[in-house]
Amino acid sequence: MKDLFSVKERVIVITGATGILGSSMVEHFAEQGAKVVILGRNREAGTRLEREAKANGGEALFLECNVLDKESLERCYEAIMAAYGRIDVLINGAGGNQAAATVPPDKTIFDLDVDAVKQVVDLNLFGTILPTMIFVKAMVAQGGGSIINIASEAALRPLTRVAGYGVAKAAVINWTKYMCGELATKFGEGFRVNAVAPGFLLTNQNRDLLTNPDGSLTPRAETIIAHTPYKRFGEPEELLGTLQWLASDASKFVTGTLTVVDGGFDAFSI
């Protein structure tokens, strides 16, 4: 019987691949037999990931890339096509937040740094739109592919303080649904576009916000745990099953969807 969840020999391009979540994706898909393209700005981390994947018997290629620079993306596209000749899966993992785009407890909306919000929207939204525009060319030429956008819990339930990031990720979900129809109606049923919304995971981006120097939880983190039925933060590897499903033929009739991986946070009230 055919293994519906197999991604063996598929070319999987991951943006933002050198962060905690991206690194976990690279390691996993390389172990699954995919040809993993690691895109990111951190050359040291990217080359290390490529080296480790190859040392473990996987296939990986690191390319330095700025997802907001069309020329950079075009160079990466040409390099990928030269190396592998196709792109089967695109995971738009690049994103992030910055303190100036938030409203801390001692400030109000009148103190919001609009320029910082624009930068956060650029990174999360246009850092998804531009790679899609560039890399989907290969998918159109080959008749299909899967695009997986990384959204956020903040897109579903507006979180205190998180102003710009939540708006940007909500736009990513809308873009996902738009592209579902855009690609399928104009290029055929071989195209899938879906999004994943992780719940609260400890990453380099939010560690200082959620933990104290001694490792204990901050009041904000305690509130998050209190509103999570599983009573803990998620682990990066707990996203991998959903990503494997969306990257494989097991999700062949699934497009335009959002899968929430959050230990019940979005569903829980009191």
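Asn66 places no side-chain N or O within donor-acceptor distance of the main-chain N or O of Ser72, the cut-off being under 3.5 Å. A distance-only check finds no donor-acceptor pair linking the side chain of Asp122 to the backbone of Phe126 [under 3.5 Å]. A donor-acceptor contact shorter than 3.5 Å is absent between the side chain of Glu9 and the backbone of Ala34. Side-chain N or O atoms of Gln244 include one that pairs as donor or acceptor with a backbone N or O of Phe5 at under 3.5 Å. Asp214 contributes a side-chain N or O that, together with a main-chain N or O of Ser216, makes up a donor-acceptor pair within less than 3.5 Å. Judged by distance alone, the side chain of Asn56 and the main-chain N or O of Ala53 form no donor-acceptor pair under 3.5 Å. Using modelled atom types, one side-chain atom of Ser251 and one backbone atom of Ser248 make a donor-acceptor pair closer than 3.5 Å.
Atom CZ of Arg192 sits about 11.5 Å away from atom SG of Cys180, to the nearest 0.5 Å. Interatomic distance, Leu246 CG to Asn194 CG, rounded to the nearest 0.5 Å: 5.0 Å. Taking CG from Leu90 and CD1 from Ile14, the interatomic distance works out to 9.5 Å, rounded to the nearest 0.5 Å. Atom CD1 of Ile134 sits about 10.0 Å away from atom CD of Glu78, to the nearest 0.5 Å. How far CG of Leu63 is from CG of Leu39: 6.0 Å, rounded to the nearest 0.5 Å. How far SG of Cys65 is from CD1 of Ile38: 12.5 Å, rounded to the nearest 0.5 Å.
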Could you walk me through whether Tyr165 and Val120 pass the side-chain contact (heavy atoms from CB on, under 4.5 Å) test, one step at a time?
CA-CA 6 Å; Tyr165 184 75; Val120 170; 4.2 Å; yes

Would Leu112 and Ile109 count as a side-chain contact (heavy atoms from CB on, under 4.5 Å) here? Give the steps.
CA-CA 5 Å; Leu112 185 64; Ile109 192 65; 3.9 Å; yes

side-chain contact (heavy atoms from CB on, under 4.5 Å), that's the test. Do Leu159 and Arg220 meet it? Break it down for me.
CA-CA 11 Å; Leu159 307 176; Arg220 184 176 181 83; 4.0 Å; yes

Criterion side-chain contact (heavy atoms from CB on, under 4.5 Å) on Met25 and Ile91, from CA distance to verdict:
CA-CA 9 Å; Met25 297 176 200; Ile91 301 177; 3.8 Å; yes

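Using a 4.5 Å heavy-atom cutoff, the side chains of Ile12 and Lys35 are not in contact. Looking at heavy atoms from C-beta onward, Phe191 lies in side-chain contact with Val140 at the 4.5 angstrom threshold. The shortest distance between side-chain heavy atoms of Phe233 and Leu201 does not fall below 4.5 Å. In this structure, Ile80 and Phe135 have side chains that are in contact, with non-hydrogen atoms separated by less than 4.5 Å.
Applying the 6.0 Å contact sphere to OH of Tyr84 captures more than 12 heavy atoms from other residues, nucleotides or ligands. Around atom CZ of Phe268, more than 12 heavy atoms belonging to other residues, nucleotides or ligands sit under 6.0 Å away.
By the rule that hydrophobic residues join a cluster once side-chain heavy atoms approach within less than 4.5 Å of another member, Leu240 and Leu4 end up as members of one cluster. Phe29 and Val37 fall into different hydrophobic clusters, where Ile, Leu, Val, Met, Phe, Trp and Tyr side chains are chained together by heavy-atom contacts under 4.5 Å. One hydrophobic cluster, built from ILVMFWY side chains closer than 4.5 Å, holds both Ile150 and Val89. By the rule that hydrophobic residues join a cluster once side-chain heavy atoms approach within less than 4.5 Å of another member, Leu130 and Val136 end up as members of one cluster. Residues Leu258 and Leu183 do not share a hydrophobic cluster, defined by chaining ILVMFWY side chains whose heavy atoms lie under 4.5 Å apart.
The heavy-atom pair separating Ile20 from Pro236 by the smallest distance is CG2-CG, 3.7 Å. Between Leu73 and Pro131, the closest heavy-atom pair is CD1-N, 3.9 Å. Between Gly95 and Asn124 the shortest heavy-atom distance is CA-OD1, 3.2 Å. Contact record, Val121 with Gly164: CG2-O, 4.3 Å, taken as the closest heavy-atom pair.
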Show me, pair by pair, the donor-acceptor contacts under 3.5 angstrom made by side chains of residues 97-106, not counting sequence neighbours?
| from | atom 1 | to | atom 2 | distance (Å) |
| --- | --- | --- | --- | --- |
| Gln98 | NE2 | Gln119 | OE1 | 3.1 |
| Thr102 | OG1 | Ala99 | O | 2.6 |

Which pairs would a plain distance check flag for residues 170-177, meaning a side-chain donor or acceptor within less than 3.5 Å of a matching protein atom at least two apart in sequence or in another chain?
| from | atom 1 | to | atom 2 | distance (Å) |
| --- | --- | --- | --- | --- |
| Thr176 | OG1 | Asn149 | ND2 | 2.9 |
| Thr176 | OG1 | Val172 | O | 2.8 |
| Lys177 | NZ | Gly256 | O | 3.3 |

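Qualifying side chain to side chain contact (heavy atoms under 4.5 Å, CB included) partners for Thr47, counting only residues two or more places apart in sequence or in other chains: Arg43, Phe62. Considering only residues two or more places apart in sequence or on other chains, Arg86 meets the salt bridge (charged side-chain N to carboxylate O under 4.0 Å, His left out) condition with Asp88. Under the rule for a side chain to side chain contact (heavy atoms under 4.5 Å, CB included), Glu189 has no partner lying at least two apart in sequence or in another chain. With sequence neighbours left out, Lys118 forms a side chain to side chain contact (heavy atoms under 4.5 Å, CB included) with Val114, Asp115. Applying the salt bridge (charged side-chain N to carboxylate O under 4.0 Å, His left out) criterion to Glu182, with sequence neighbours excluded, gives Lys186. Thr228 is linked by a side chain to side chain contact (heavy atoms under 4.5 Å, CB included) to Ile224, Tyr230, Phe265, counting only residues two or more places apart in sequence or in another chain. Among residues two or more places apart in sequence or in another chain, the salt bridge (charged side-chain N to carboxylate O under 4.0 Å, His left out) test is passed with Glu238 by Arg232.
Counting only residues at least two apart or in different chains, side-chain hydrogen bond (donor to acceptor under 3.5 Å, both in side chains) contacts with residues 10-27 comprise Arg10-Asp249. Screening residues 151-169 for salt bridge (Lys or Arg N to Asp or Glu O under 4.0 Å), with sequence neighbours left out, gives no hits.
Salt bridge status for Arg48 with Glu44: absent, with no side-chain N to carboxylate O gap under 4.0 Å. Salt bridge absent: Glu74 and Lys70 never bring a charged side-chain N and a carboxylate O closer than 4.0 Å. A salt bridge does not link Arg41 to Glu64: none of the charged side-chain nitrogens sits closer than 4.0 Å to a carboxylate oxygen.
In the hydrophobic clustering (ILVMFWY side chains linked at under 4.5 Å, chained through shared members), Val167 stands by itself.
Looking at Thr132 and Asn92, their side chains do bring a donor and an acceptor atom within 3.5 Å of each other.
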